[in-house]
Chemist: 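Right, I'll just put the structure down here and ask away after.
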Amino acid sequence: MRTANTRTIVIWTLVALVGGTGWAVLALARGEDVSAAWMVAAALGSYAIAYRFYAKFIAYKVLKVDKTRATPAERLDNGIDFHPTDRRVLLGHHFAAIAGAGPLVGPVLAAQMGYLPGTIWIITGVIFAGAVQDMVVLFFSTRRNGRSLGQMAREEIGPFGGAAALLAAFAIMIILLGVLALVIVNALAESPWGTFSIAMTVPIALLMGFYLRVLRPGRVSEVSLIGVGLLLLALIAGRWVAESSWADAFTLAPSTLVVWLVAYGFIASILPVWMLLAPRDYLSTFMKIGTIFLLALGVVIALPTLKMDAVTDFASRGDGPVFAGSLFPFVFITIACGALSGFHSLISSGTTPKMIQKETQVRMIGYGSMLMESSVAVMALVAASIIDPGLYFAMNAPAGVIGDSVQNASQVVGSWGYQISPEALARAAENVEEASLLSRTGGAPTLAVGISDIFSQITGDSLRAFWYHFAIMFEALFILTALDAGTRVGRFMLQDTLGNVYRPFKDVSWKPGLVICSAIVCGLWGYFLWVGVHEPLGGINQLFPIFGISNQLLAAVALAVCTTLLVKSGRLKWAWITGIPLAWDATVTLTASYQKVFSSDPRVGFFKQRQVFQDAIDEGKILPPAKSMDDMHTVVTNSTVDGVLTAVLALLIVVVIVDATRVCVRHILRPALSTLSEAPYIESKIVAPAGLFPTREEKEEQRDEVTPAGT
């Protein structure tokens, strides 16, 4: 048994002290200024300890990852969907694919409740639930030829619960993709700088793909430098384009962006994975990680103060202007992806298990990537909490509540107990070269203001507008990578499902099925995107609650499948690792679902909202923020769809959990009746490190591979 040396003990003791001190300051400070640096310290200290000890325990003690076992990428390599991919590139792809709108938008909206509830859930939730789910799903999917989550549920739980899981997972995936795309549209609409810079990442990624595949195979460092250089040039050129005669060509209306995004999603999902998806995600990861790292560094250097209350009155009253509902369960639903995300389980059982070189890499790619996403959520919460609370509420409250003038907004926000003058609201918009910041809902503009505030404290106030628009573009790039990977995963899921009826669809690289299913998936999420763009109540306000609930319900499916597989594979004593998060997630999400369906408060309940607007239609009235009777009918239709979807999805998840429980109990009582669909063992011929940096033993293995014995 290895024992820790003195140096290791000292290092981890210091890490624990930094993290513990951060938690103590956040939890105990009341009435005095608290630096945002303590939030960063609490997060990074906790993440480091969790990855070093808890993730390693799960990977090697519970899952028993085997470096000698060939993965699907090695055994089924076809150069389209299955392809062994360098762990560094795959880490970039996986992180880029999972890190979508949720960790940026959710924490910003949840800041309405104060910074403390969100911080606690983001950090503890990811350590014990979110990162565990991602790693365990990735492991079990890798053992099953990269099977999708729904298909694993069908094979391991049974046809009834499996069918419910397949249907729920696919429906939820479509909703999630629609909301992800909506955030992109809101960020890029009428923005030639952002649109040009984002568009340029596609040819850059294609160049990187061909460089690695054809020109200089395996030269990851070279292509990284080229890609980053071209990306920076695209960012700078974006501002030139915005100030040139080309600006009109890249100034697109929301409806036009919908068409372009659907077309892009279709093309990205049918091209070989090495050509566009993997290099583009790897490229965007440099920007994502680089920006978040610089943001954390900026917090440490500038030491901005948390201006939002630790816990606001809205947390207990449940009548917040950003979103209605009490702290439990809605702060957990709203934060979503930063702590626990069902969407991640679709990536962990979609593209990634078809590309991973070694089982031993599931810890770095599954658990590690989720910790990275959680750090994004922490930084988003920091950005929302350091700006003036009055500005925060003026930006995130709907126009129907605060009006469209700075005078009216100042008066309404002041009635909530957060004072900000009309002059301050006008000056805030002027500082970032925007006409207005009122009712810029959806979280992305608020995050951009926070980012610009931190960076401008270091580089000077004259660059505040530059940093604001850089942040808007960064957020769009951040989310777009989740959209293209998600579309591909949606195609896998639909092919898996249709393959139960017509076997050729089972082959995810079968070209007719590939094209047909990609078109169907893009058309479905394109519908939700179109609805969101034309939603009178504000698409993000109407769709984000169902986004959060759907995402967490999908996490319940993933955790139920993981718990079932732990039990059936002889790991019953470790089933609590996913069983406890499952119990918590099911309690939270089913409570939220019940309230969204049956609440008598029209701000919370979808059906009550429908009733209020339908009654007004019957009386010939138009309720704000609707401006016409067509808008009124749109609200009624969308509220009905949202309510029905929420009820149906909750029912499907209950079916999955009940059926999974039945299978687990049956296995415990009569294990001989259980079967596992695990692929047979085949010895791996690939030699690759488990982590980002190879250990001494792994370096020796690589040398032995290059220089065989006796030569």
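Side chains included, hydrogens not; waters and symmetry mates left out as well; all remaining heavy atoms used. Along the sequence shown, the residues carry numbers beginning at 1.
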Chemist: Taking atom CD of Q151 and atom CD of E156, what is their separation to the nearest 0.5 Å?
Modeler: 10.5 Å

Chemist: Is it the case that the side chain of R87 and the backbone of L692 share a donor-acceptor pair, with hydrogens and angles ignored and the cut-off at 3.5 Å?
Modeler: yes

Chemist: What's the shortest heavy-atom distance between M173 and G486, and which atoms?
Modeler: CE-O, 2.8 Å

Chemist: Should F332 and Q552 count as side-chain neighbours, where that means a heavy-atom distance under 4.5 Å?
Modeler: no

Chemist: I want to check something: taking the side chain as every heavy atom from C-beta on, are V561 and V137 in contact at a cut-off of under 4.5 Å?
Modeler: no

Chemist: Under the side chain to side chain contact (heavy atoms under 4.5 Å, CB included) rule, what do L91 and S369 come out as? Steps first, then yes or no, please.
Modeler: CA-CA 7 Å; L91 177 67; S369 291; 3.2 Å; yes

Chemist: Between T352 and H94, is any side-chain donor less than 3.5 angstrom from a side-chain acceptor?
Modeler: yes

Chemist: Let's go through F330 and L109 carefully: what are the C-alpha distance in whole Å and the side-chain angles of both, what is the deciding distance for side chain to side chain contact (heavy atoms under 4.5 Å, CB included) to 0.1 Å, and is it a yes or a no?
Modeler: CA-CA 11 Å; F330 287 105; L109 303 181; over 6 Å; no

Chemist: Got a donor-acceptor contact below 3.5 angstrom from the K56 side chain to the Y51 backbone?
Modeler: no

Chemist: Between Q112 (side chain only) and F323 (backbone N and O only), is there a donor and an acceptor less than 3.5 Å apart?
Modeler: yes

Chemist: Would you say the side-chain atoms of T591 pair up with the backbone N or O of T587, donor to acceptor, closer than 3.5 Å?
Modeler: yes

Chemist: Is the shortest side-chain heavy-atom distance between V604 and K596 below 4.5 Å?
Modeler: yes

Chemist: Please report the interatomic distance CD1(I127) to CE(M370), rounded to the nearest 0.5 Å.
Modeler: 11.0 Å

Chemist: Are P117 and V311 packed together at the side-chain level, in the sense that at least one heavy-atom pair is separated by less than 4.5 angstrom?
Modeler: yes

Chemist: When rounded to the nearest 0.5 angstrom, what distance separates CG in L566 from OG1 in T578?
Modeler: 4.5 Å

Chemist: State whether a side-chain donor-acceptor pair under 3.5 Å links D134 with S348.
Modeler: no

Chemist: N551 and G342: which non-hydrogen atoms are nearest, and at how many Å?
Modeler: OD1-N, 2.9 Å

Chemist: Give, for atom CG of L104 and atom CE of M379, the distance between the pair rounded to the nearest 0.5 Å.
Modeler: 12.0 Å

Chemist: If you look at every heavy atom in A575 and T563, which pair is closest and at what distance?
Modeler: O-CG2, 4.1 Å

Chemist: Roughly how far, to the nearest 0.5 Å, is CG of D309 from CG of L116?
Modeler: 11.5 Å

Chemist: Quick check: do I386 and L306 have side-chain heavy atoms less than 4.5 Å from each other?
Modeler: yes

Chemist: For residues Y47 and S374, is any side-chain donor paired with an opposing acceptor at under 3.5 Å?
Modeler: yes

Chemist: To the closest 0.5 Å, what do you measure between SG (C562) and CG (L63)?
Modeler: 9.0 Å

Chemist: Looking only at heavy atoms, what is the nearest atom pair of S345 and L554, with distance?
Modeler: OG-CG, 4.3 Å

Chemist: Assess whether side chain to side chain contact (heavy atoms under 4.5 Å, CB included) is satisfied between L182 and F528, documenting all intermediate values.
Modeler: CA-CA 9 Å; L182 179 59; F528 279 97; over 6 Å; no

Chemist: Could you tell me whether the side chain of H344 and the main chain of I98 form a donor-acceptor pair under 3.5 Å?
Modeler: yes

Chemist: Quick one: does L26's side chain get under 4.5 Å of Y115's, heavy atoms only?
Modeler: yes

Chemist: Is it true that a side-chain atom of S452 and a backbone atom of V449 form a donor plus acceptor pair closer than 3.5 Å?
Modeler: yes

Chemist: Might you confirm whether atom CZ of F293 has over 12 heavy atoms from other residues, nucleotides or ligands at distances under 6.0 Å?
Modeler: no

Chemist: Heavy-atom distance under 4.5 Å between the side chains of L590 and L553, does that happen here?
Modeler: yes

Chemist: Assess the residue pair F314 and V322 against the criterion (side chain to side chain contact (heavy atoms under 4.5 Å, CB included)); give the C-alpha distance rounded to whole Å, side-chain angles, the decisive distance to 0.1 Å, and a yes or no.
Modeler: CA-CA 10 Å; F314 296 125; V322 180; over 6 Å; no

Chemist: Search all heavy atoms of G643 against all heavy atoms of V597 and return the closest pair with its distance.
Modeler: O-CG2, 4.0 Å

Chemist: Can you give me the closest heavy-atom contact between A29 and V34, atom names plus distance?
Modeler: CB-CG2, 3.4 Å

Chemist: Give a yes or no on whether the backbone of D313 and the side-chain of S316 come within a donor-acceptor separation of less than 3.5 Å.
Modeler: yes

Chemist: So, for F128 and W584, is the gap between ring centers shorter than 6.0 Å?
Modeler: no

Chemist: With a 3.5 Å distance limit and no angle check, can you tell me whether D585 reaches the backbone of A556 through a side-chain donor-acceptor pair?
Modeler: yes

Chemist: Quick one: do the N396 and T446 side chains pair a donor with an acceptor below 3.5 Å?
Modeler: yes

Chemist: How are the rings of F57 and W574 set relative to one another: parallel (under 30°), tilted (30 to 60°) or perpendicular (over 60°)?
Modeler: perpendicular

Chemist: Quick one: does R144's side chain have a donor or acceptor within less than 3.5 Å of a partner on F140's backbone?
Modeler: yes

Chemist: Can you find a pair of side-chain heavy atoms, one from M308 and one from F393, that are under 4.5 Å apart?
Modeler: yes

Chemist: Check for a donor-acceptor pair, side chain of T305 on one end and backbone N or O of K307 on the other, with a separation under 3.5 Å.
Modeler: no

